[in-house]
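Proteins get letters first, then strands, A, B, ... in listed order; numbering begins at 1 in each. Note that this is a predicted model, so its numbers are computed, not measured.
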There are 2 protein chains.
Amino acid sequence: MDTLLAQPKQTFVNLPREKRENVVRAAVIEFAEHGYQRASLNNIVKRLGISKGSLYQYFDNKEALFLHVFDHFTQQVKQHVKASVAGNGQDDFFAVARQVLLAGITFIDNHPEYFQVYLKVLFERDVPRREELVARVRLFSLEYFGPLADRAVGQGILREDISAHKVVFILDAMLDRFLQGYAQPYLDGGLALAGMSPERLHNEIDSIVAVLRTGLQPNRQ
Amino acid sequence: MDTLLAQPKQTFVNLPREKRENVVRAAVIEFAEHGYQRASLNNIVKRLGISKGSLYQYFDNKEALFLHVFDHFTQQVKQHVKASVAGNGQDDFFAVARQVLLAGITFIDNHPEYFQVYLKVLFERDVPRREELVARVRLFSLEYFGPLADRAVGQGILREDISAHKVVFILDAMLDRFLQGYAQPYLDGGLALAGMSPERLHNEIDSIVAVLRTGLQPNRQ
DNA sequence: TCATAATGTGACCGCCTGGTCATATTATGG
DNA sequence: CCATAATATGACCAGGCGGTCACATTATGA
């Protein structure tokens, strides 16, 4: 799970850090704009002001460059989420969900292009090792919420007529959809999430978490 | 809203129905597999066994062909949903939601390629008139559930601390995500929706609707 | 200083794309 | 039957793609 998807060539590793970062940044932008297949290596080298031959001294081919970019993405998102939730370890199930949602928002704010790359991978065919890439992100969510949901079931926090599996699905669906709406305004169903002030955004999140809490906790009728 | 996005040329209209349907079918398959930009007109004419010149006698260009395909999609989905819900007009808010979800499932079963085209449009940049296309589908959902939610609020069926707008967002998010998971198995969070028997699928749907009902109805604590 | 290794370069290759157009084929109706 | 209109064809075009490679430039260390 934590093994790398692809190694750059030694030449790339030897490069000064700033140049390496430039290359990755330019590649991320191109893949974010056009997805994998339509992304153009010619555009990338043009943007960087280097020759195409150089890029091929850094990576074996387009696929290796792309996988390297995706590696960066997964590393950053995991690190960001874990750091965001770290301080609130003892909170209840839904408070953690809220925290993860907020972490997603700030990640998108900080790295909108990386999230675009992910969205592209979700819905583009012929992306190399697509299932594996998506699974890396998805499994992170499942691994993260799965045990929490199991524990919550044990504590009687969740209603018993729905499996922990399904709880995670519902939670994941809401989080994912909310973040998609935040990243792509025309997906937000008229909520205008994109331009929203942080306070109102927090209100929206609280509303949704409240609905999930009421819907998922044991029945009190 | 109901005006067409693009007209084919007269030559296409004059064609016998079967040939017209063949052309549209081949185009749908190609756009479903590769999205707009990567779809190849050469592939389409090869699959049809006609010359490229002929295709250009039917449509002005790639964009016109694509928009014609999307017109077909929206017409079919609207017709299908309306027909599915028609008999159950007097049901309550959540029963209608359940019915729409079921209609979505059967639509995907009947026309998986059309739904793929829609998913591609959602996440591909540079699709001609993308916002407009997405809006056509989205607005249908909003127009459909919006009035229902308003009425439900008036009847006191929905909790009062959340706007009808937000209710529609949550509902739409769950429906959309469920259908995405059904159409693209690696999006289903391990629920294995794709290969599921109809009975178990209905159980899943009922569970989710139950959670929404409990979460969205007035608080009874 | 100079031989060797590492790195950078861009013209070039074969392939595919959306789109064009002169020409061939077929249908129509007087 | 034949002139005209409608339809079908595929070679061809310019442009972009991923990828290659012979060569130029720079860095290294003895």
Steps toward side chain to side chain contact (heavy atoms under 4.5 Å, CB included) verdict (B:Phe73, B:Phe107): CA-CA 11 Å; B:Phe73 163 66; B:Phe107 182 83; 3.8 Å; yes

Integer-rounded Å distance: [N] [atom2] and [X] [atom1]:
X       : N      : atom1 : atom2 : result
B:Leu15 : D:dA6  : CG    : P     : 15 Å
A:Glu30 : D:dC17 : CD    : P     : 8 Å
A:Ile44 : D:dG16 : CD1   : P     : 17 Å
A:Phe59 : D:dT20 : CZ    : C1'   : 19 Å
A:Leu55 : C:dG10 : CG    : C1'   : 14 Å

Donor on one side chain, acceptor on other, B:Gln180 and B:Asp176, under 3.5 Å: yes

Side-chain donor-acceptor pair present, A:His34, A:Ser40, cut-off under 3.5 Å: no

Side chain A:Asn110, main chain A:Thr106, donor-acceptor under 3.5 Å: yes

Does [X] reach a base, just sugar-phosphate, or nothing at all? Heavy atoms under 4.0 Å.
X       : value
A:Lys9  : nothing
B:Tyr58 : sugar-phosphate
A:Thr11 : sugar-phosphate

Can you name the atoms? Protein N/O to nucleotides 22-30 of chain D N/O, anything below 3.5 Å, with the distance.
none

Under 3.5 Å donor-acceptor pairs involving side-chain atoms of residues 41-49 of chain A, not counting sequence neighbours:
residue : atom : partner : partner atom : Å
A:Asn42 : OD1  : A:Lys52 : NZ           : 2.9
A:Asn43 : ND2  : A:Glu30 : OE2          : 3.2
A:Arg47 : NH2  : A:Glu30 : OE1          : 2.5

Residues that B:Phe66 engages under ring pair (Phe, Tyr, Trp, His ring centres under 6.0 Å), provided they are two or more places apart: B:Phe31, B:Tyr36

ring-ring contact (aromatic ring centres under 6.0 Å, His included) contacts in which one or both residues fall within residues 119-139 of chain B, not counting sequence neighbours: A:Phe123-B:Phe123

N or O in side chain of A:Ser51 less than 4.0 angstrom from C:dT9 OP1/OP2: yes

Phosphate OP1/OP2 of C:dA6 contacted by A:Asn14 side-chain N/O (<4.0 Å): no

Test log, rule side chain to side chain contact (heavy atoms under 4.5 Å, CB included), inputs A:Asp126 and B:Glu33: CA-CA 9 Å; A:Asp126 299 333; B:Glu33 281 189 356; over 6 Å; no

Close N or O pairs between protein and nucleotides 15-19 of chain C (under 3.5 Å):
residue : atom : partner : partner atom : Å
C:dT17  : OP1  : B:Ser40 : OG           : 2.9
C:dT17  : OP2  : B:Asn42 : ND2          : 3.0
C:dG18  : OP1  : B:Ala39 : O            : 2.5
C:dG18  : OP1  : B:Lys62 : NZ           : 2.9
C:dG18  : OP2  : B:Leu41 : N            : 2.9
C:dG18  : N7   : B:Lys52 : NZ           : 3.1
C:dG19  : OP2  : B:Tyr56 : OH           : 2.6
C:dG19  : OP2  : B:Lys62 : N            : 2.9
C:dG19  : O5'  : B:Tyr56 : OH           : 3.1
C:dG19  : N7   : B:Lys52 : NZ           : 3.0
C:dG19  : O6   : B:Lys52 : NZ           : 2.8

Please name all residues satisfying salt bridge (charged side-chain N to carboxylate O under 4.0 Å, His left out) with [X], sequence neighbours left out, ordered by chain then number.
X        : result
A:Arg130 : none
A:Glu132 : A:Arg129
A:Asp109 : none

Using the 3.5 Å cut-off, write out each protein N or O paired with an N or O of nucleotides 24-30 of chain C and the distance between them.
none

Non-hydrogen atoms of B:Asp71 and B:Leu5 that approach each other most closely: OD2-N, 2.7 Å

Contact list for residues 53-67 of chain B, test side chain to side chain donor-acceptor pair (under 3.5 Å), sequence neighbours left out: B:Ser51-B:Ser54

Within residues 115-124 of chain B or reaching into it, pairs that qualify as side chain to side chain donor-acceptor pair (under 3.5 Å) - sequence neighbours excluded: B:Tyr118-B:Arg138

Contact residues, residues 116-124 of chain A to DNA chain C [heavy atom, < 4.0 Å]: none

